[in-house]
Colleague: 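Got a structure for you, written out below as structure tokens; questions coming shortly.
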Amino acid sequence: MSQTVDRALSILPLLAEGPADLGQVADRLGVHKSTALRLLRTLHEHGLVYRQSDQRYRLGARLFALAQEAMENLDIREIAHPHLVRLNERCGHTVHLAVYEEGEVLYIDKVESRYPVRMYSRIGKPVAITVAAVAKLLLADLPEPERRSVAEKLDYPLYTARSTPNAPAFLRELEKVREQGWATDLGGHEESINCVAAPIRGADGRVVAAMSVSAPNVVVTADELLTLLPQVRRTADDISGEYSGRTPVKEAP
């Protein structure tokens with residue numbers, strides 16, 4: 001039975017490359033045409049493959065519907081939270097998770113610092129979109145026309161001397177973030193707070209969320225915080241792998 005299931009599932013990546021006829025399927029599986037036909041018929045009955053008028057097979061609409069439904073039901077916060085907690089336990093600083101929704105970047109999870117000096121931020125509260133590291137990552141991933149349109153519509157409050165002053169400067173920063181794959185906010189919102197952030201990507205490679213580590217400079221300097229960037233990026237990659245299904249779930253230590 002397990003061999004039959006394995007063979008049937010092996011057909012799907014073949015058809016993802018494009019339509020294939022019975023002979024091509026049989027050759028790829030290394031089986032007789034009659035065996036390949038039984039497998040294809042079973043997949044066809046479940047809507048996972050479709051037989052075209054030219055007798056070639058392609059992936060079925062049901063497969064795409066299942067994939068879409070699965071993606072819609074994924075909860076990035078639920079998946080990310082254990083990873084955020086473990087990172088917080090290792091570094092001790094505040095860890096945030098944020099998403100871009102309807103023109104705003106919102107915190108959807110937060111793990112508090114172990115230090116007595118803490119950040120004033122709340123789950124569900126929009127971030128300072130022109131300076132926050134998580135916002136830079138989320139906006140940098142937008143298609144260029146949309147990215148430019150969003151940037152040109154924003155206001156640019158000068159929270160500190162390091163705040164982003166205008167749309168051209170913001171677009172340059174987003175391009176830099178897009179190229180390097182991580183972002184910082186070094187005193188751009190509050191002079192005493194620094195932040196490093198990394199993107200969380202879905203199966204298609206697009207950024208679905210961003211996570212960050214933040215700390216006041218009375219606890220660690222900006223340079224010291226930047227040394228945590230490899231840990232932040234590894235954590236983001238682990239969440240990305242689990243969210244997209246590329247890697248198995250890791251057991252908590």
Side-chain angles (χ1 to χ4, degrees), residues 84 87-88 91-142 144 146-200 207 209-236:
L84 305 184
L87 178 60
N88 168 266
C91 72
H93 305 305
T94 301
V95 183
H96 286 109
L97 179 69
V99 296
Y100 180 61
E101 290 184 355
E102 299 181 358
E104 292 184 321
V105 175
L106 305 169
Y107 289 130
I108 60 170
D109 201 2
K110 177 184 181 181
V111 184
E112 289 280 10
S113 167
R114 74 164 70 109
Y115 298 99
V117 181
R118 295 186 175 184
M119 287 186 61
Y120 178 71
S121 57
R122 295 198 308 269
I123 294 174
K125 181 182 178 181
V127 309
I129 197 167
T130 60
V131 292
V134 288
K136 294 173 187 177
L137 285 163
L138 291 159
L139 296 184
D141 191 62
L142 297 175
E144 196 278 334
E146 185 179 355
R147 191 164 70 241
R148 181 169 296 278
S149 176
V150 169
E152 291 173 349
K153 292 175 183 176
L154 293 173
D155 294 324
Y156 290 86
L158 295 179
Y159 303 104
T160 75
R162 296 182 179 181
S163 298
T164 310
N166 51 48
F170 192 46
L171 287 168
R172 288 194 297 272
E173 177 70 7
L174 295 184
E175 185 60 34
K176 174 185 173 183
V177 166
R178 188 180 179 91
E179 290 177 1
Q180 69 188 16
W182 51 275
T184 62
D185 169 16
L186 304 179
H189 186 218
E190 298 178 57
E191 289 185 355
S192 61
I193 301 292
N194 299 305
C195 176
V196 293
I200 296 167
V207 176
M211 57 158 296
S212 65
V213 169
S214 304
N217 54 26
V218 295
V219 176
V220 291
T221 66
D223 287 341
E224 289 170 336
L225 188 66
L226 284 169
T227 65
L228 296 176
L229 181 60
Q231 288 189 57
V232 176
R233 298 186 76 179
R234 281 196 299 272
T235 300

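Nothing fancy with the numbering, it's 1 onward along the sequence.
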Colleague: Could you grab the distance from atom CZ of R147 to atom CG of L138, nearest 0.5 Å is fine?
Modeller: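 The distance works out to 13.0 Å.
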
Colleague: Which heavy atom of G181 sits nearest to which heavy atom of P199, and what is that distance?
Modeller: O-CD, 3.2 Å

Colleague: Look at the aromatic rings of H189 and Y159 and report parallel, tilted or perpendicular, splitting at 30° and 60°.
Modeller: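 H189 and Y159: perpendicular rings.
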
Colleague: For the residue pair D141 and V207, what are the closest heavy atoms and their distance?
Modeller: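 That closest heavy-atom pairing would be OD2-N, 2.9 Å.
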
Colleague: Quick check on K125: does its NZ atom have over 12 non-hydrogen neighbours (other residues, nucleotides or ligands) under 6.0 Å away?
Modeller: yes

Colleague: Side-chain contact test, heavy atoms from C-beta onward, threshold under 4.5 Å: evaluate it for T130 versus P157 and give yes or no.
Modeller: yes

Colleague: Taking the side chain as everything from C-beta on, heavy atoms only, tell me whether M211 gets closer than 4.5 Å to V232.
Modeller: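 Answer yes - side chains close enough.
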
Colleague: Does a side-chain heavy-atom distance below 4.5 Å link V95 with K110?
Modeller: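 Side chain of V95 against side chain of K110, heavy atoms only: no contact under 4.5 Å found.
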
Colleague: Once you round to the nearest 0.5 Å, how far does CG of L186 lie from SG of C195?
Modeller: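 One gets 8.5 Å once the value is rounded to the nearest 0.5 Å.
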
Colleague: Identify the heavy atoms of Q231 and L87 that sit nearest to each other, and give their distance.
Modeller: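 Minimum heavy-atom separation between Q231 and L87: OE1-CD1, 3.9 Å.
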
Colleague: What is the ring orientation for Y156 with F170, classed by angle as parallel under 30°, tilted 30 to 60°, or perpendicular over 60°?
Modeller: perpendicular

Colleague: Is a side-chain donor or acceptor of S192 paired with a backbone partner of N217 at a separation under 3.5 angstrom?
Modeller: no

Colleague: Looking only at heavy atoms, which two atoms of L174 and A140 are closest? And how far apart?
Modeller: O-CB, 3.4 Å

Colleague: For a 4.5 angstrom cut-off between non-hydrogen side-chain atoms, does Y100 reach L139?
Modeller: yes

Colleague: For E173 and K136, run salt bridge (Lys or Arg N to Asp or Glu O under 4.0 Å): C-alpha distance rounded to whole Å, both residues' side-chain angles, the deciding distance at 0.1 Å, then the answer.
Modeller: CA-CA 8 Å; E173 177 70 7; K136 294 173 187 177; 3.4 Å; yes

Colleague: Please report the interatomic distance NZ(K176) to OG1(T184), rounded to the nearest 0.5 Å.
Modeller: 6.5 Å

Colleague: Going through the distances and angles, do L84 and L97 end up as a side-chain contact (heavy atoms from CB on, under 4.5 Å)?
Modeller: CA-CA 8 Å; L84 305 184; L97 179 69; 3.8 Å; yes

Colleague: To the nearest 0.5 Å, what is the distance between CZ on R172 and CD on E175?
Modeller: 11.5 Å

Colleague: With the side chain counted from C-beta on, respond yes when V127 and L106 share a heavy-atom pair under 4.5 Å apart, and no when they do not.
Modeller: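 No, every pair of side-chain atoms sits at 4.5 Å or beyond.
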
Colleague: Give the minimum heavy-atom separation between V131 and G188, together with the two atoms involved.
Modeller: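 Closest approach of V131 to G188: CG1-O, 3.7 Å.
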
Colleague: For the OG atom of S149 and the CG atom of L142, what is their distance to the nearest 0.5 Å?
Modeller: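 The distance works out to 10.0 Å.
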
Colleague: Are the side chain of Q180 and the backbone N or O of W182 linked by a donor-acceptor pair below 3.5 Å?
Modeller: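 Yes, because the side chain of Q180 sits within donor-acceptor range (under 3.5 Å) of the backbone of W182.
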
Colleague: Please name the pair of heavy atoms, one in G187 and one in T160, separated by the smallest distance, quoted to 0.1 Å.
Modeller: O-OG1, 2.6 Å

Colleague: Should the heavy atoms of other residues, nucleotides or ligands under 6.0 Å from CZ of R162 be counted, would the total exceed 12?
Modeller: no

Colleague: Taking the side chain as everything from C-beta on, heavy atoms only, tell me whether V220 gets closer than 4.5 Å to H93.
Modeller: yes

Colleague: Side-chain contact test, heavy atoms from C-beta onward, threshold under 4.5 Å: evaluate it for V213 versus T94 and give yes or no.
Modeller: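 Not touching, per the 4.5 Å side-chain cut-off.
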
Colleague: Nearest 0.5 Å, please: how far is CD in E224 from CG in N194?
Modeller: 10.5 Å

Colleague: Look at E146 together with R148 and state whether they make a salt bridge at an N to O cut-off of under 4.0 Å.
Modeller: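 Judged by the 4.0 Å cut-off on N to carboxylate O distance, E146 and R148 do not form a salt bridge.
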
